[in-house]
Structure formats: C-alpha cells, structure tokens
Asks: 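Once you've had a glance at the structure underneath, I'll fire off some questions.
Atoms considered below: every heavy atom in the structure, side chains included; atoms not considered: hydrogens, waters and symmetry mates. Numbers here are sequence positions counted from 1.
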Amino acid sequence: MTRPIKSIVVLTGAGISAESGINTFRASDGLWENHSIDDVATPEGFARNPQLVHHFYNRRRQQLLNPSVQPNPAHMALARLEREFPGNVLLVTQNVDNLHERAGSQNLIHMHGELMKMRCECTQLIFASSIELSFDNLCRCCQEPGNLRPHIVWFGEMPLQMHEITQALESCDLFLSIGTSGNVYPAANFYHSAKSHGAQTVELNLEHTHSDFDEHIYGAASSIVPAYVEGLLRSA
C-alpha cells in the first residue's frame, strides 16, 4: 500500500530546458561545442586556459539571456506544484540555467551551480553576474584579477548541497525524475536512495532510461509534466 504523499523531491535535467531552446552542449562524441570536456569543464582546464573557459561560459550565458529563451509549461507546472501542494516540495536541478526561478520556483537547489553567478576562488564568495567574464575582471571582494570563475560544478568537483539533498531523499514520499538521462552520478542514484526509504518513484522523460522506477511516463516534458502535476494536485 502506497503511503500518503506529504513530501516530494523533484529532480530535473537537461530535457526540461531543451524545450525552451537551451542547448545541452554535450554532443554524442563527448565534445562541448567542439571543445574537450577536459578543457572547459574541469578545474585543470580552467587553470591551463581560463580565457577559453570564460569564453565558453560567456557564450552559454548569452544564450540564456536571449529573449526567446523562456520557461516552458513544464517549468511553470513545477512552480505551481510548489505553490499549491499542501506538503513540502523540493526541486533539485542539474541544470545551470535560471528557468525554474523565472517560472516561480523558490525551494530550489542547483546541484551543479548556476550560470548567472560567479565565485571568487580565494574567498568562495558568490556573486550574481550577467556580464561577460574574463581573466582580467577584478573580483569585487578581493579586488584581484584572475580570482573569478564561473559558479559551475565541474567534473571532479562535488555537487552542491548534497547533505540537504540526501536528507530530503531519505524522508520524501514521492520522487520525480524529469528530463534526465540517468547517466550522471550522483543524481543517477537519487531514485535508489528515495526508493530504499519507502518513496514512490516516477520517471517523466522523453524516452526510457532503463531505470527501475515504479512508474514511467514518456513524452515531451512540456506536455507530460503539467498533466502529471494536475493529477497530483487533484488527489492531494
């Protein structure tokens, strides 16, 4: 017998933002915009060539600032779920865009960082930023050039707020995975953690990921997520 749903954890991946026009950047050959991941998505790559890394993320930031890129119905539905569900809803996203915030989500963890923020490598202070960054930008806290980096979790680095995420997974009644391939750890293991603690697990994705969820719903996120949220709220 399924226990009452009082707490929900939602994980979102690139699939939910792709319908808003956000490129996933990682191609089937493992390259990101024709760059090796080692060059643009690792601490070592940043140490070797910070200008290249800044240029790469500046381009991603420019895309996100394009007026044509807007939250889609899936983003809006999850914001509605947080507003209207009588229990607790935590949204954990692997995406570095700000579309969930723009849709109205507030109880949100960006486990892989945020494109519209920068971080001082010296003090670890985080600043909002929509400008193009370069190695020569002065850090506002230490007033030194070269200390600013994109506030992005790179390969080899620990995802953010894992303690809070783990606690939420172990206490939730329903875990939803939306638009994620299930290939990137530790997020790929979230449903196992939730399921092992008694939660119902549901995958909403464009295609099957060969994961052992309790329920699978396939289709475009902008269609299946609003319908699922509507049904969830009706039965709450």
Side-chain angles (χ1 to χ4, degrees), residues 9-26 32-33 35 37 40-43 45-46 50 52-72 74-76 78-79 82 89-135 137 139-142 147-166 168 177-181 184-187 190 221:
V9 174
V10 183
L11 172 69
T12 64
I16 196 171
S17 292
E19 293 182 60
S20 292
I22 297 290
N23 294 337
T24 59
F25 290 89
R26 186 170 184 176
W32 285 20
E33 287 192 336
H35 294 296
I37 288 173
V40 297
T42 64
F46 185 65
L52 172 65
V53 175
H54 278 306
H55 175 69
F56 176 79
Y57 289 98
N58 285 339
R59 290 185 62 184
R60 298 192 71 177
R61 199 174 296 111
Q62 288 170 358
Q63 183 196 24
L64 184 56
L65 290 170
N66 189 313
S68 67
V69 175
Q70 297 291 332
N72 64 54
H75 294 104
M76 305 301 288
L78 292 177
E82 181 185 320
V89 178
L90 173 65
L91 177 55
V92 180
T93 186
Q94 297 172 281
N95 301 332
V96 297
D97 61 63
N98 60 0
L99 295 179
H100 282 303
E101 290 93 331
R102 287 163 60 185
S105 292
Q106 296 182 11
N107 194 22
L108 173 65
I109 292 176
H110 278 275
M111 62 179 294
H112 290 164
E114 299 177 65
L115 190 58
M116 303 303 292
K117 293 183 178 179
M118 56 186 173
R119 185 168 81 239
C120 175
E121 289 207 289
C122 182
T123 65
Q124 299 304 307
L125 290 177
I126 300 166
F127 310 100
S129 178
S130 59
I131 65 171
E132 291 200 358
L133 296 177
S134 76
F135 182 81
N137 283 108
C139 175
R140 70 177 70 173
C141 62
C142 61
N147 283 347
L148 290 175
R149 59 161 278 180
H151 183 48
I152 302 293
V153 175
W154 288 324
F155 288 90
E157 296 181 325
M158 180 65 68
L160 304 175
Q161 295 182 254
M162 283 302 300
H163 178 68
E164 292 91 332
I165 294 171
T166 299
S177 176
I178 301 171
T180 178
S181 66
V184 178
Y185 286 84
F190 284 180

Asks: Under a 4.5 Å cut-off applied to non-hydrogen side-chain atoms, are Leu65 and Met116 in contact?
Replies: yes
Asks: Nearest 0.5 Å, please: how far is CD in Gln63 from OG in Ser68?
Replies: 8.0 Å
Asks: Of His112, Glu114, Met111, His100, which is the lone residue that meets side chain to side chain contact (heavy atoms under 4.5 Å, CB included) with Thr93?
Replies: His100
Asks: With respect to Ser105, which candidate in Val10, Val89, Thr12, Leu91 satisfies the side chain to side chain contact (heavy atoms under 4.5 Å, CB included) definition?
Replies: Leu91
Asks: Kindly say whether Asp97 contributes a backbone atom to a donor-acceptor pair with the side chain of Asn95 at under 3.5 angstrom?
Replies: no
Asks: Side chains of Leu115 and Asn98: does their closest heavy-atom pair fall under 4.5 Å?
Replies: no
Asks: Which value, rounded to the nearest 0.5 Å, describes the distance between Leu64 atom CG and Arg61 atom CZ?
Replies: 9.5 Å
Asks: Suppose we screen for side chain to side chain donor-acceptor pair (under 3.5 Å). Which residues come up paired with Thr42, at least two apart in sequence or across chains?
Replies: none
Asks: Should the ring pair Trp154 and Tyr57 be called parallel, tilted or perpendicular, given that the plane angle runs from 0 to 90° and is split at 30 and 60?
Replies: tilted
Asks: Could you check whether any side-chain N or O of Glu157 sits under 3.5 Å from a backbone N or O of Pro43, counting only pairs where one atom can act as donor and the other as acceptor?
Replies: no
Asks: Do side-chain atoms of Glu19 reach the backbone of Ala221 as a donor and acceptor pair under 3.5 angstrom?
Replies: yes
Asks: So, Asn147 side chain and Glu121 main chain: donor-acceptor pair closer than 3.5 Å or not?
Replies: no
Asks: Taking side chain as C-beta onward, heavy atoms only, is Val69 less than 4.5 Å from Leu99?
Replies: yes
Asks: Going by the rule side chain to side chain donor-acceptor pair (under 3.5 Å), which residues pair with Gln70 if we only count those two or more places apart in sequence or in a different chain?
Replies: Arg102
Asks: Are His110 and Leu160 close enough that some pair of their side-chain heavy atoms sits under 4.5 Å apart?
Replies: no
Asks: Kindly indicate, with the supporting measurements, whether the criterion side chain to side chain contact (heavy atoms under 4.5 Å, CB included) is fulfilled by Leu90 and Glu164.
Replies: CA-CA 10 Å; Leu90 173 65; Glu164 292 91 332; over 6 Å; no
Asks: With the threshold set at 4.0 Å, does a side-chain nitrogen-carboxylate oxygen contact exist between Lys117 and Glu101?
Replies: no
